[in-house]
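Taking it in order: structure first as structure tokens, then the write-up.
Order of the sequence lines sets the chain letters (A, B, ...), proteins ahead of strands, with each chain counted from 1. No hydrogens, no waters, no symmetry mates; every other heavy atom, side chains included, goes into these values.
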Amino acid sequence: MGEKELRKSMAVFPIGTVIRLTGLTARQIRYYEEQELVFPKRSEGNRRLFSLNDVDRLLDIHDFLKDRFTMADIRQYYALEKEKQQRKEQEMTDRQVRRLFQDELLSESGLSNPTVNSHNLR
DNA sequence: CTTCTGACA
DNA sequence: TGTCAGCA
């Protein structure tokens, strides 16, 4: 995760700030969480802490609801989104594994190390 | 003063 | 979804 995504995922806003940022009511925000559409973190005092991503998601949820989608519809939508991103993450790790494997083969065959290379080439 | 959970005249 | 109660 890049530092940019990291900042967007930092849970730091109390519900009051989110209310001003989204125009939604506390009731709506808490209800969306109750329906497992958003998962804000909690402070030590059990206060909800939202991230910028949470704010975006709340707005998206509200739009979906406005377009008459059900809570279940929205939950499934995010479930699919999660699977897609997990596939991408898996592909990335696969690439990393392949790269490491290739590096090992190149290293063992002495074709990647310039120092050893110039030596073996006599 | 702000937020939280639970409940419903 | 609004709103009020009683806490923390």
Q) What is the distance from atom CD1 of A/Ile29 to atom CG of A/Leu58, rounded to the nearest 0.5 Å? A) 5.5 Å

Q. Using Watson-Crick and G-U wobble pairs whose two distances are both under 3.5 Å, how do you write the pairing of DNA chain C as dot-bracket, with | for links to another strand?
A. .|||||.|

Atom pairs under 3.5 Å, N or O on each side, protein against nucleotides 4-6 of chain C: can you list them with distances?
none

Could you pull out all donor-acceptor pairs under 3.5 Å where a side-chain atom in residues 10-23 of chain A meets a protein atom, sequence neighbours excluded?
| residue | atom | partner | partner atom | Å |
| --- | --- | --- | --- | --- |
| A/Thr22 | OG1 | A/Val18 | O | 2.8 |
| A/Thr22 | OG1 | A/Leu24 | N | 3.1 |

Q: Scan residues 45-61 of chain A for pairs that pass side-chain hydrogen bond (donor to acceptor under 3.5 Å, both in side chains), counting only residues two or more places apart or in two chains.
A: A/Glu33-A/Arg48, A/Arg42-A/Asn46, A/Ser51-A/Asp54

Q | Listed once per pair and sorted, the salt bridge (charged side-chain N to carboxylate O under 4.0 Å, His left out) pairs that draw on residues 70-82 of chain A, sequence neighbours left out | A | none

(Q) Do A/Arg7 and A/Leu52 make a side-chain contact, defined as non-hydrogen atoms from C-beta onward lying under 4.5 Å apart? (A) no

Q) Could you give all pairs that pass the ring-ring contact (aromatic ring centres under 6.0 Å, His included) test and reach residues 66-100 of chain A, with sequence neighbours left out? A) A/Phe64-A/Phe69, A/Phe64-A/Tyr77

Q. With sequence neighbours left out, what residues match A/Tyr31 under ring-ring contact (aromatic ring centres under 6.0 Å, His included)?
A. none

Q. With A/Glu44, which residues qualify under salt bridge (charged side-chain N to carboxylate O under 4.0 Å, His left out), at least two apart?
A. none

Sequence neighbours excluded and cut-off under 3.5 Å, please list the side-chain donor-acceptor pairs for residues 84-92 of chain A, or say none.
| residue | atom | partner | partner atom | Å |
| --- | --- | --- | --- | --- |
| A/Gln85 | NE2 | A/Glu89 | OE2 | 3.4 |
| A/Gln90 | NE2 | A/Thr93 | OG1 | 3.2 |
| A/Gln90 | NE2 | A/Asp94 | OD1 | 3.3 |

Q: Among Ile, Leu, Val, Met, Phe, Trp and Tyr joined by side-chain contacts under 4.5 Å, find the other residues sharing a cluster with A/Met1 and list them by chain and number.
A: A/Leu6

Q: Determine, for nucleotides 3-9 of chain B in 5'-to-3' order, which nucleotides have protein heavy atoms under 4.0 Å from the base (write B), from only the sugar-phosphate (write S), or from neither (write -).
A: BBB-B--

Q | Protein-nucleotide distance (A/Leu24, atom CG; C/dT1, atom P), rounded to Å | A | 9 Å

Q. Taking CD1 from A/Ile29 and C1' from C/dG2, how many angstroms apart are they, rounded to a whole number?
A. 14 Å

